[in-house]
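Report on one structure; see the data block that follows.
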Amino acid sequence: MERLFCDPRRCVGCRACEIACAVEHTPSKDLFVSVLNRELGPPRRRVQTVGAQPYRVAIGGVVLSLGCHHCDPAPCVDACITGAMHKEDGQTVCDTDKCVGCWMCVMRCPYGAITPKVKAIKCDLCPDRREKVGRSRYACVEACPTEALFAGTFEEFQRVLAEPVTAVWEGRQ
Amino acid sequence: MKKTQRFVIIGASAAGSSAAETLRRYDPTAQITVVSDEKITYSKPLLSYYLAGKLGEEQLFFRAPDFYERLGIERIHARAVGLLPEKSTVELSDGQKLKYDKLLLATGAAPRFPKVEGIHRDGVFGLRKLEDAQGILTRLPKTKRAVVLGGGLVGLKAAEALKERGVDVTVLIDSPHALSQMLDESSARIFERIFEQNGVTIRTKAKPVAVLGTKEKIEGVQIASGEVFPCDLVVVGKGVDPSLELLEGTQIRKDYGVCVDDYLRTSVENIYAAGDVAQARDVLRGEPWINALWPCAVEQGRVAALNMLNKETIYRGSMRMNSVQFFGVPVISAGLAVLTPGPLGGHPGEHDETLEAQPVPGIYRKIFLKDETIVGFVLVGDVEAAGVLRILMERRVTIAPVKDELLELGPDLGRVLPLIIENKERFVEREFQELVHTVGV
Ligand SMILES: Cc1cc2nc3c(=O)[nH]c(=O)nc-3n(C[C@H](O)[C@H](O)[C@H](O)COP(=O)(O)OP(=O)(O)OC[C@H]3O[C@@H](n4cnc5c(N)ncnc54)[C@H](O)[C@@H]3O)c2cc1C
Ligand code: SF4
Ligand code: SF4
């Protein structure tokens, strides 16, 4: 199954993915409209600094953008008392209509990938972009200016990690 | 050709459903039969939401109502009344006899009623089954005042629900403080106050001795001091005991619950147990225990099913944890150190350092440490970091390098990733391994 991965060599911690994610999950899907109308919710990915608190970015530290890993088996799905959190074609999806906000899933997710905000908010792999292909299939991947975010299987991502970074930069010039 | 396997599961709740689902996922042709004495499969933790009127009956399903049918699993509405392991047979209340190749006991637990006078009067309810909640709701129009016996999670959720229905509620608690199986005293006091502010009376160190009344009508509850709390309804929330009736006359080993090994096998061949009935490995106590929790029941159901399919899978073990909200205030607590030392066995209370913070009113965090590892925590008001703290505790990671920041730890994993990389052999899950590999390059 296709999942999202972040190449820490390319990630510069600009948090474009966070904004893109938050905007994607608004009714307007427009940055300015969603700010004006106070539609923005929490991002479902977070830029993190390895070994440091976020937003206290150590210059030169390793940063990367992390979200839900769509685990199998998924601890959050085991925990869910309503069946809202469930697996669907390999993805871990929260049916927010069913969610009662009990935060059992928050207690169980070892990656801190669920935001408790009335409902359990997490990466849903951009269902409104299902028709799109390439980098625009996912809002965060599309927004990433350094192409650090990658959609594919882990095996495919491993091949990316095996390549030197410079090759990608050169490829873009 | 491979012989069709016959799997029988007794109990169709969290553990039973999860096992059935797993059996079907890996064996499309097996004959799977689930037996339950309850007509429908619903989520028990949602009963308090139902009681409060927040969810309707049709919203209690945690799987589609036709879940079993869709998976080609037979669901029989009957009670299993006899088990004959030497004949690989289960006898049902409707006279049927079911043959099995592999059997799963997922019979769960039933409320524990204190042995006091009048406890079996009409109008005294447990809160474990849909019919309990329905029984309470039927009486509601005639109920002005209710007494809840027990200040645990179920008792307090029932109290909250009844209050939201406009009933005057008093909670009588034996222990010195509420939620003694979940919170330390100072954290528990926060919630006692929240209940009081919402108009629920909490009485600690109040041991009930009798439910007073006539045959048709409850009049009150008397406690050891002689004081009487008048009421029209009593709800008992004093914990549960595993349902072990089926073990009678068999060689299946039991202690408090059904004893199972790390593959969730009982002591008798081809019989497995999972969920609230099974006494399985506990990662924190170092001795088998029942953590009667929804997530544990689901995980055990899956692991038992994998082993029933001969896909050898070790059960990692459960631990004490819970997440709940009272009057809108969330709390997540985990670990043993949180508990006041008491008759529970294991090592409640054991810790050598406590970190505590109240960064803003309404948010309270407390972390218990022993030898620089997390042995318990309580998060009130803001619970976002719970999963990350929990996994550090479960995998017994030394947190010394981040100790000063532990109380500020958000949900972000980044801060503690170096600790995980250092102990990567304890983080065997594929997703952790991928992450370690990714950061390692
Ligand atoms: C009000 C309430 C709130 C709760 N809140 C939480 C919470 O917030 N978090 C949490 O983790 N847990 C919570 N729990 C606990 C959780 O519901 C249980 O841990 C979970 O249901 C255990 O699942 P199980 O499948 O092992 O057993 P059960 O859910 O007890 O199911 C066992 C089933 O087997 C049936 N059965 C038993 N014997 C037989 C027989 N001989 N023949 C046929 N059928 C039989 C029973 O009728 C029952 O349907 C709560 C429970 C209640 C009641
Ligand atoms: S929310 Fe957490 S536990 Fe659930 S699939 Fe995503 S990463 Fe895994
Ligand atoms: S918060 Fe919602 S998704 Fe999470 S466990 Fe509770 S009901 Fe399920």
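Below, all heavy atoms of this structure are taken into account, side chains as well, without hydrogens, waters or symmetry copies.
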Contact summary for [X] and [Y], nearest pair of heavy atoms:
X: B:E384; Y: A:T115; value: OE2-CG2, 3.5 Å
X: A:V47; Y: B:D412; value: O-OD2, 4.3 Å
X: B:G414; Y: A:Q48; value: N-OE1, 2.7 Å
X: A:P8; Y: B:T438; value: CG-O, 3.4 Å
X: B:R25; Y: A:D72; value: NH2-OD2, 3.2 Å
X: A:M107; Y: B:S323; value: SD-N, 3.8 Å

Inset, instruction - Measure from the side-chain N and O atoms of B:R390 to the backbone N and O of A:R108, and report whether any donor-acceptor pair falls under 3.5 Å. - result: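 Here the side-chain-to-backbone pair exists.
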
Legend entry - Donor-acceptor contact present, side-chain B:E431 to main-chain A:A74, <3.5 Å: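 No, because the side chain of B:E431 does not come within donor-acceptor range (under 3.5 Å) of the backbone of A:A74.
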
Inset, instruction - Answer whether the closest heavy-atom distance between the side chains of A:W103 and B:V324 falls below 4.5 Å. - result: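 In short, these two side chains do not touch, never coming nearer than 4.5 Å.
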
Inset, instruction - State, yes or no, whether a side-chain contact exists between A:Y111 and B:P411 at a heavy-atom distance under 4.5 Å. - result: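 SC-SC contact between A:Y111 and B:P411 ruled out.
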
Legend entry - Side chain / backbone / both / neither for A:C71 at chain B, heavy atoms under 4.5 Å: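 Backbone plus side chain of A:C71, per the 4.5 Å heavy-atom cut-off to chain B.
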
Legend entry - Inter-residue atom distance A:F154.CZ - B:R430.CZ, 0.5 Å rounding: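 Output value for this atom pair is 9.5 Å.
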
Legend entry - chain B contact residues among residues 76-100 of chain A, heavy-atom distance under 4.5 Å: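 Listed by number: A:D78, A:A79, A:C80, A:I81, A:T82, A:G83, A:K98, A:V100.
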
Portion of [X] that has a non-hydrogen atom of chain A nearer than 4.5 angstrom:
X: B:Q325; value: side chain
X: B:D382; value: neither
X: B:L413; value: both

